[in-house]
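Working notes, structure below.
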Amino acid sequence: AMHRAAIAHVPPVRPLGMDFPDDARARAEQDSFLLGEGLLVAPVLDQGVTARSVYLPERLHGCDDFQSGQWLAGGQEITTEAPLGRIPLYVAGGSMIAVSDKLDAIDPRQDMVRSLRVFAHRQAAVSVAELYDDDGVTPDWDRGAGRLLSVTLTTDVQGRSQLSATSAGRYRPPYAQVRIEAVGGEPALASDAE
């Protein structure tokens, strides 16, 4: 998300109305927001509250609850549990979200595991995710000092999904492979990026 912000000037954190300008309900949302590509965050802002309503904008492939993987149609308001320590988080269908096992500090040299959580399309479609890595200190990120891994998810009319990947840039992260976590389907890895 930060790489996209630097290249395309798209804020990584933005109001729903920015991506859904024709949806009056999305434009009116005050406390939910989009994070990067495909994530809708619905924080609880009042002390002691353990549930909240969330508006899910209309999306071609609906969305999934990030924690449970439950699929939900877009264009509706839902009520969700939000106990202390769990922020309601929803992912657009067809999105691919990079996750790491390293949660206690940001140090690229210690980031040994990278997973890509792949959320299924609900019909034939193609979507692309970009994962950017660098050493965390380089000033030459825009001159190839990092690595940009582009992953394409293709789903055919029979519902079969396939992943393919390409990479560009000089940086080699400490993780040797990307682990695939399929949500709502079983994509097959078609090619492996180094």
Side-chain angles (χ1 to χ4, degrees), residues 1-14 18-19 33-41 59-69 71 87 89-122 124-156 160-194:
M2 297 306 289
H3 184 261
R4 182 173 181 233
I7 298 296
H9 310 291
V10 176
V13 176
R14 58 197 180 279
M18 190 166 174
D19 285 25
F33 59 90
L34 300 171
L35 177 62
E37 288 304 299
L39 291 175
L40 186 152
V41 183
R59 294 180 186 261
L60 180 62
H61 303 287
C63 63
D64 295 271
D65 180 295
F66 186 81
Q67 284 89 6
S68 72
W71 182 81
I87 298 173
L89 183 62
Y90 298 91
V91 184
S95 294
M96 294 170 273
I97 307 297
V99 294
S100 171
D101 289 352
K102 187 74 175 158
L103 301 175
D104 59 349
I106 299 174
D107 180 354
R109 296 168 300 183
Q110 301 297 319
D111 192 5
M112 304 303 285
V113 177
R114 177 70 76 246
S115 298
L116 188 65
R117 197 169 290 176
V118 179
F119 293 84
H121 294 123
R122 296 297 164 182
V126 175
S127 55
V128 177
E130 294 184 332
L131 287 71
Y132 176 81
D133 285 291
D134 65 26
D135 62 10
V137 295
T138 184
D140 296 328
W141 62 269
D142 60 341
R143 292 186 284 282
R147 180 183 83 163
L148 185 64
L149 178 66
S150 295
V151 182
T152 302
L153 171 64
T154 305
T155 304
D156 65 19
R160 294 179 299 221
S161 294
Q162 176 176 302
L163 288 174
S164 59
T166 60
S167 68
R170 297 187 302 270
Y171 180 71
R172 293 296 171 244
Y175 58 87
Q177 61 186 12
V178 176
R179 181 174 56 207
I180 304 300
E181 299 173 6
V183 179
E186 292 295 329
L189 189 59
S191 66
D192 199 358
E194 44 180 72

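The figures here come from the full heavy-atom set of this structure, side chains too, leaving out hydrogens, waters and symmetry mates. The model shown is predicted, which means the values in this text are computed figures rather than measured ones.
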Determine whether the side chains of S127 and H121 contain a donor N or O and an acceptor N or O closer than 3.5 Å.
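Per modelled atom types, S127 and H121 side chains form a pair under 3.5 Å.
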Report the distance from atom [atom1] of [X] to atom [atom2] of [Y], rounding to the nearest 0.5 Å.
| X | Y | atom1 | atom2 | result |
| --- | --- | --- | --- | --- |
| E130 | T152 | CD | OG1 | 9.0 Å |
| D140 | D134 | CG | CG | 10.0 Å |
| R160 | T154 | CZ | OG1 | 12.5 Å |
| D65 | L89 | CG | CG | 8.0 Å |
| D156 | S161 | CG | OG | 7.5 Å |

Neighbour count above 12 (heavy atom, 6.0 Å) for I87 CD1:
no
Under the 3.5 angstrom rule, does the side chain of R59 hit a backbone N or O of V91 as a donor-acceptor pair?
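No: the side chain of R59 does not pair with the backbone of V91.
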Check: R117 main-chain N/O paired with R179 side-chain donor or acceptor under 3.5 Å
no
Consider side chain to side chain contact (heavy atoms under 4.5 Å, CB included). Of L39, V13, L40, V10, which one does L34 pass it with?
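The single option meeting the side chain to side chain contact (heavy atoms under 4.5 Å, CB included) with L34 is L40.
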Considering non-hydrogen atoms only, spot the tightest contact between [X] and [Y] and give its length.
| X | Y | value |
| --- | --- | --- |
| V183 | G69 | CG1-CA, 3.9 Å |
| G184 | A120 | O-CB, 3.2 Å |
| M96 | A129 | CE-N, 3.5 Å |
| L149 | A165 | CD1-CB, 4.0 Å |
| P12 | A1 | CB-CB, 3.8 Å |
| R14 | G36 | NH2-O, 2.9 Å |

Does any part of the side chain of Y171, heavy atoms only, come nearer than 4.5 Å to the side chain of T138, both counted from C-beta?
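No, their side chains stay 4.5 Å or more apart.
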Under a 4.5 Å cut-off applied to non-hydrogen side-chain atoms, are F119 and W71 in contact?
no
Taking the six-membered ring for Trp, are H3 and Y132 parallel (under 30°), tilted (30 to 60°) or perpendicular (over 60°)?
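Ring orientation, 0 to 90° scale: parallel.
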Could D64 and R122 be called an ion pair, given the rule that one side-chain N must be under 4.0 Å from one carboxylate O?
yes
